[in-house]
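Quick notes on the structure that follows.
Bear in mind the structure is a predicted one, so any value in this text is a computation, not a measurement.
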Amino acid sequence: MPDKLERRALDFVETADLPTFFEPEGAEDANEVPTSPPDYQKPELAATVGSQIASFTQDVDPALREQVANAFLFAQQAADKRIAATPDATSSDWYAHYTDILSRIGWTMEERTATVREFKGSAARLHKAIVPLVTAALAPVAGATPLIVQVLESLQEMDKDRPWITLFSHASQRAHANQFQIAHVRAGSTGPRIKLIAFDLDVERSVTQVLFAKFAANNAELLHFEYSLSVNESVFKTVAPTIQKRLEDRVNSMVMEIEI
């Protein structure tokens, strides 16, 4: 029988509102997005999860990798539903919902920082601004930086003439589509440890997707949050099967392996 904490988390997952799911249409260019579901057995793995890149070290159990990816997607979807009811909500509001939902399913926020910087220039310059931020954020995490940076640089190289690809096309219906997250997941002594880097680009004109997508802006603000999280495995393993069941109609379309 679940204890009180596990029961409360399970009740939340069972009753949380999710957006109505519509099967997304295929990308115009088959090279624009990853095309296969993740192979969770790989020694190291990087995948897109909705509007997020998630990488897993080889010491994270394959079954747990899938559960963590599902949790990321569940939190995004539930945050989307919450924010849709508040037309004047900000990106910070979305991230507040996103992290609150993670906390309700057994995740603990241990550290959070936020930084805003002015950005001027092209999408290619934006890429060059993001990679050092990711590298610096993951520098204290042993073995974290090389795979993530390799993924970002590999994606940029997919098309020399059009390096900013629409990686997150399946999440493009979000009201604040200029948001994306990069997560690194590794094993810890008491459960998985997650470093989450969340970005928001505030530009003068609306865009379909910002990360790896072309845009035109002379002035923009790049806001990024850094979170360190741990997972209560007892609570999380209780809710993981229900999360998977609630996402059955969308996982195959919104979680894809990144092959580099």
Side-chain angles (χ1 to χ4, degrees), residues 5 8-21 48-54 67-119 130 133-134 136-138 168 170-185 191-203 206-207 209-211 220-232 235-236 239-240 242-243 246-247 250 254-255:
L5 191 61
R8 187 160 57 241
L10 192 57
D11 288 343
F12 172 76
V13 171
E14 289 173 341
T15 59
D17 286 336
L18 301 180
T20 301
F21 179 69
T48 59
V49 183
S51 61
Q52 187 163 323
I53 293 175
Q67 292 169 349
V68 169
N70 288 346
F72 284 139
L73 182 57
F74 178 82
Q76 290 175 37
Q77 293 279 286
D80 286 352
K81 183 66 176 181
R82 287 186 182 182
I83 216 75
T86 314
D88 58 347
T90 65
S91 294
S92 295
D93 293 329
W94 188 90
Y95 281 120
H97 288 308
Y98 175 71
T99 53
D100 173 66
I101 291 158
L102 290 175
S103 73
R104 291 172 179 265
I105 59 175
W107 299 44
T108 300
M109 187 77 61
E110 297 182 346
E111 184 180 354
R112 177 188 181 277
T113 61
T115 304
V116 180
R117 62 183 62 194
E118 186 178 7
F119 172 78
I130 288 174
L133 291 176
V134 173
L138 296 178
F168 298 138
H170 296 332
S172 63
Q173 298 306 308
R174 181 184 301 162
H176 301 283
N178 53 343
Q179 298 166 298
F180 53 94
Q181 304 85 47
I182 295 174
H184 175 74
V185 185
R193 310 282 298 184
I194 297 98
K195 184 70 174 185
L196 178 67
I197 310 145
F199 292 92
D200 173 68
L201 186 71
D202 183 10
V203 294
S206 62
V207 292
Q209 286 294 341
V210 172
L211 187 58
E221 283 188 342
L222 182 64
L223 171 65
H224 90 281
F225 306 90
E226 295 177 19
Y227 304 92
S228 296
L229 304 103
S230 59
V231 176
N232 181 323
V235 174
F236 186 56
V239 301
T242 304
I243 290 174
R246 294 216 59 196
L247 294 174
R250 58 197 83 190
M254 302 186 76
V255 183

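Residues Phe199 and Val134 meet the side-chain proximity criterion, which asks for heavy atoms closer than 4.5 Å. Side chains of Thr99 and Leu229 form no contact here, defined as non-hydrogen atoms less than 4.5 Å apart. You'll find the side chain of Arg82 reaches within 4.5 Å of the side chain of Ile101, heavy atoms only. Residues Trp94 and Thr86 fail the side-chain proximity criterion, which asks for heavy atoms closer than 4.5 Å.
In this structure, Phe74 has no ring pair (Phe, Tyr, Trp, His ring centres under 6.0 Å) partners at least two apart in sequence or on a different chain. Under the side-chain hydrogen bond (donor to acceptor under 3.5 Å, both in side chains) criterion, Arg193 pairs with Glu110, sequence neighbours left out. Asp17 meets the side-chain hydrogen bond (donor to acceptor under 3.5 Å, both in side chains) test with no other residue; sequence neighbours excluded.
The two residues Ala71 and Ile105 make their nearest non-hydrogen contact at CB-CD1, 3.9 Å. Nearest heavy-atom pair across His97 and Ile83 is CD2-CD1, 3.7 Å.
Exactly one residue among Asn70, Thr242, Val255 makes a side chain to side chain contact (heavy atoms under 4.5 Å, CB included) with Leu247. That residue is Asn70.
When atom types are taken as modelled, the side chain of Asp93 and the backbone of Thr90 share a donor-acceptor pair closer than 3.5 angstrom. Gln76 contributes a side-chain N or O that, together with a main-chain N or O of Ser51, makes up a donor-acceptor pair within less than 3.5 Å. Arg250 contributes no side-chain N or O that, together with a main-chain N or O of Leu73, makes up a donor-acceptor pair within less than 3.5 Å.
Rounded to the nearest 0.5 angstrom, Lys81 NZ and Leu18 CG are separated by 8.5 Å.
Ring geometry for Tyr95 against Tyr227 counts as tilted: the plane angle lies between 30° and 60°, on a 0 to 90° scale.
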